[in-house]
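Working notes for the structure below.
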Amino acid sequence: MKDISTSRIQHWYVSLAEGTAPYVGERGSDSSLSASSIRSAGNIVLGSILDVAVENRWIDVNPVTKARVPHTGPSNGEST
């Protein structure tokens with residue numbers, strides 16, 4: 001648990017945005033994720049899990065709070 005750091009989360013966010021993160025699912029491993037999907041996975045899911053870790057004093061601070069979701073730009077014909 002203590003090995004999860006802001007820099008590791010930031011690296012994970014970037015790899016999700018670039019489509020280089022290991023991913024098992026319908027979209028395949030070479031699919032990049034939108035900023036909103038990364039925000040959902042990081043801030044909502046991982047952040048909530050790590051909030052519980054802070055509450056239980058397994059870690060001192062939630063490293064998700066300082067990680068920033070990269071701007072991914074429009075894709076699949078979406079406009080900004």
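Because the structure is a prediction, the values reported are computed rather than measured. Residues take their numbers from the sequence shown, with the count starting at 1.
Judged by distance alone, the side chain of Asn62 and the main-chain N or O of Val64 form a donor-acceptor pair under 3.5 Å. Glu18 places no side-chain N or O within donor-acceptor distance of the main-chain N or O of Ser32, the cut-off being under 3.5 Å. Here the side chain of Thr6 pairs no donor or acceptor atom with the backbone of Ala67 at under 3.5 angstrom.
Pro70 and Ala35 get closest at one heavy-atom pair: O-CB, 3.9 Å. Between Gly42 and Tyr13, the shortest heavy-atom distance links the atoms CA-OH, 3.2 Å.
Atom CG of Asn56 is separated from atom CG of Asp51 by 11.0 Å, given to the nearest 0.5 angstrom. Asn43 CG to Ile9 CD1: the interatomic distance, rounded to the nearest 0.5 Å, is 9.5 Å. Atom NZ in Lys66 sits 14.0 Å away from atom OG in Ser5 (nearest 0.5 Å). With values rounded to the nearest 0.5 angstrom, Ile38 atom CD1 is found 11.0 Å from His71 atom NE2. From Ile44, atom CD1 reaches atom CD1 of Ile49 across 12.0 Å, with rounding to the nearest 0.5 Å.
Note: the hydrophobic cluster containing Ile4 does not contain Val14 (ILVMFWY, side chain heavy atoms under 4.5 Å, direct or indirect links). Linking ILVMFWY side-chain heavy atoms closer than 4.5 Å, directly or via other members, places Val69 and Val45 in two distinct hydrophobic clusters.
Within the 4.5 Å cutoff, side-chain heavy atoms of Leu50 are placed close to those of Met1.
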